A.B. asks: 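My structure is below; once you've seen it, I'll send some questions.
Just so it is clear, the structure is predicted and the values come from calculations on it, not from any experiment.
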Amino acid sequence: MYIDIGKALKEAAEDDAYSLAVLTGTGDYYCSGNDLSNFTNVKPDQIAQMASTARGVLEEFVNVFIDFPKPLISLVNGPAVGISVTTLGLCDAVYCSDRATFHTPFSALGQSPEACSSYLFPKFMGFAKANELLLFNRKITAAEAKERNLVSDVFPDDVFQIEAANRIQQYSKFPPQSMRLSKVLNRSPELKILKEVNREECKLLEERWQSKECMNALVAFFSRKS
Amino acid sequence: MYIDIGKALKEAAEDDAYSLAVLTGTGDYYCSGNDLSNFTNVKPDQIAQMASTARGVLEEFVNVFIDFPKPLISLVNGPAVGISVTTLGLCDAVYCSDRATFHTPFSALGQSPEACSSYLFPKFMGFAKANELLLFNRKITAAEAKERNLVSDVFPDDVFQIEAANRIQQYSKFPPQSMRLSKVLNRSPELKILKEVNREECKLLEERWQSKECMNALVAFFSRKS
Amino acid sequence: MYIDIGKALKEAAEDDAYSLAVLTGTGDYYCSGNDLSNFTNVKPDQIAQMASTARGVLEEFVNVFIDFPKPLISLVNGPAVGISVTTLGLCDAVYCSDRATFHTPFSALGQSPEACSSYLFPKFMGFAKANELLLFNRKITAAEAKERNLVSDVFPDDVFQIEAANRIQQYSKFPPQSMRLSKVLNRSPELKILKEVNREECKLLEERWQSKECMNALVAFFSRKS
């Protein structure tokens, strides 16, 4: 997932035929988050190596969002989990179905926030709402995600696809250079801090993936599921 | 407009008889934005000069808002367009009629944001809501402007004037030094970045005003109107 | 109050038996703010000394909130005034009863904001809403405090205690190191600026407490009350 989305966004960034990019999910979910079995199908002596590799992949993936030079729009067609929620903070418009939910169960899994959410969520919604999500794992509704500035607008599920398509069609007709330069203008004062935050978040996650809390939480997670 | 408002605000800043300043519109609109015919009634060989002059006027105008040392209140009596929307981010209270709308059609006109909105809008409402306005030109209602932290409160149009006057009368009785020093306290950590952002925004606009995208957009705009 | 709460929080920070800390009020109020009679039961030649001491106590008290290394939750059971409102900006979740109100009458008392509210309130809710509270003393409802990102969620008063207790019980079961490190992650990029803002706010308050505006406002306050 990380490598394919990263590659697609890089192509969209470089090809002048595209004035903006859109991310959406297929099926019922927008995205169910990281595949946690990655972390459990590993022998004990390989964990450090796995954590180091995963850290590199994640940091690069998030940097693609940070550096994306054109407008980036997310269409959240259903429930979103983990990194598919945190990356919304780096999008230029987010439309969602009223069926969508937003869940970042980092603490419950012994992990920690990523995709600059530790910086952007408090900035967008204050500590009291951001840490309810980032530390306390509260799953929120579409309306709450809008109130918390993660989502631009919510549509009833039965008109979501058509309303979103209408907006994107309209936006794609605007002068592309104007949109691009305006985005550079508002992203550039943040670039340095976003890169640093990404690095710190990934460093902490590399440690967390090797921690007892994380191991125990993942074992408990899979025993509940099976 | 830029020069007269700038002058009035400078007088209000210096005269101890005023403890705060209030901006409002007359007639149906709060302000219909920049007069775009300024940009089209210009001969091709004068465009560079016109853009350079306009940049200087704009940068100075916005600096008056950034540096204004007393409480500044905006009463948005009706539709607001362009710079009359973006300058709201630099006010200390904004009351609006429920008849007001807020529109920043920068991209559609081949232009780019000003009045520190490229910095303050993402800060106040997150990228997903800010760039919906700044890149994608979405016109929003009074209720949406309140939800997006551009407006402190909305009143029904028939009581707007009286409610707003009541509040201002009440505020103008508070100890003036206390209000003034409290404003300096919360503005001063931002002063340097606001000045820099203003400079970068004006620099980009000077380029944009001379771009083909902007020329074409203005021609299309006036041919739609006529 | 300042010394006892500070001491309790320091103990909670150091004792591994606690994974998080909760602040709440007893009785009808959450907290009625600073005891203003401190400032009036002072002989004129002792005011400078009193202001200097109070400044030190306040700065240290706020630093305990800034540095608190574990999740900090506030349960606002009723009306909150002054510093009990401003410190909410430094909490990781805030739940309140729908009976709660939020009032920061700094200007009316000739004073100025504290607890980093001059920095965090504009960041969380924009200047137009922040300065309505900080300069213009508007008292807001629980729903408004939620809309302004000071409060995570509001409960009807009759179920407030039970709903809040449910959430805290749930949160206290999450892996403590994970919560703690995630909090450090999102607090640390802000630490330096929060300490500086705290220092500047306290410095200004020391001046304000010795000003004529403040003296006159306090005399008027107590003559209205008696």
A.B. asks: Between Lys146(B) and chain C, which part of the residue has a heavy atom less than 4.5 Å away: side chain, backbone, both or neither?
C.D. replies: both

A.B. asks: Quiz question: by atom type and distance under 3.5 Å, do the side chains of Glu190(B) and Tyr119(C) form a donor-acceptor pair?
C.D. replies: no

A.B. asks: With the threshold set at 4.0 Å, does a side-chain nitrogen-carboxylate oxygen contact exist between Lys129(C) and Asp153(B)?
C.D. replies: no

A.B. asks: Which atom pair, heavy atoms only, marks the closest approach of Leu204(C) to Leu181(B)?
C.D. replies: CD2-O, 3.8 Å

A.B. asks: Which region of Gln111(C), side chain (C-beta onward) or backbone (N, CA, C, O), has a non-hydrogen atom less than 4.5 Å from a non-hydrogen atom of chain B, or is it both or neither?
C.D. replies: backbone

A.B. asks: Select, from Lys183(B), Arg167(B), Arg187(B), Arg148(B), the one with the greatest count of heavy-atom pairs under 4.5 Å involving chain C.
C.D. replies: Arg167(B)

A.B. asks: Flag yes if more than 12 heavy atoms outside Tyr29(B) fall under 6.0 Å of its OH atom; otherwise flag no.
C.D. replies: no

A.B. asks: Spell out, as yes or no, whether a donor-acceptor pair under 3.5 Å connects the side chain of Ser107(C) to the backbone of Phe174(B).
C.D. replies: no

A.B. asks: Side chain from CB out, backbone as N, CA, C, O: work out which of these in Leu150(B) comes under 4.5 Å of a heavy atom of chain C, or both, or neither.
C.D. replies: backbone

A.B. asks: Working to the nearest 0.5 angstrom, can you tell me the gap between Met125(B) CE and Met125(C) CE?
C.D. replies: 15.0 Å

A.B. asks: More than 12 non-hydrogen atoms from neighbouring residues, nucleotides or ligands closer than 6.0 Å to CD on Gln170(B), yes or no?
C.D. replies: yes

A.B. asks: Could you tell me which portion of Phe121(B) (side chain, backbone, both or neither) has an atom closer than 4.5 angstrom to a non-hydrogen atom of chain C?
C.D. replies: neither

A.B. asks: Might you point out which heavy atoms bring Gln177(B) and Glu213(C) nearest each other, and give the distance in Å?
C.D. replies: N-OE2, 2.9 Å

A.B. asks: Going from CG on Leu135(C) to CG on Leu72(B), what distance comes out if it is rounded to the nearest 0.5 angstrom?
C.D. replies: 11.0 Å

A.B. asks: Can you measure from CG (Leu20(B)) to CZ (Phe136(C)) and round to the nearest 0.5 angstrom?
C.D. replies: 6.0 Å

A.B. asks: Do you know which two heavy atoms are closest between Glu201(C) and Leu185(B), and how far apart they sit?
C.D. replies: CG-CD2, 3.7 Å

A.B. asks: Is Arg180(B) in contact with chain C via its backbone, its side chain, both, or neither, using a 4.5 Å heavy-atom distance?
C.D. replies: neither

A.B. asks: When rounded to the nearest 0.5 angstrom, what distance separates CG in Asn131(C) from CG in Asn186(B)?
C.D. replies: 4.0 Å

A.B. asks: Going by the angle between their ring planes, with limits at 30° and 60°, are Phe124(B) and Phe127(C) parallel, tilted or perpendicular?
C.D. replies: perpendicular

A.B. asks: Identify which of Cys91(B), Ser188(B), Ser74(B) forms the greatest number of heavy-atom pairs closer than 4.5 Å to chain C.
C.D. replies: Cys91(B)

A.B. asks: Which one wins on heavy-atom pair count under 4.5 Å against chain C: Pro189(B), Pro175(B), Gly89(B)?
C.D. replies: Pro175(B)

A.B. asks: Give me the atom names and distance for the closest heavy-atom approach of Pro113(C) to Ser182(B).
C.D. replies: CD-OG, 3.3 Å

A.B. asks: By a 4.5 Å heavy-atom criterion (distance strictly below it), what part of Val151(B) contacts chain C: side chain, backbone, both, or neither?
C.D. replies: backbone

A.B. asks: Quick check: closest heavy atoms across Ala128(C) and Ser152(B), and the distance to 0.1 Å?
C.D. replies: O-OG, 2.6 Å

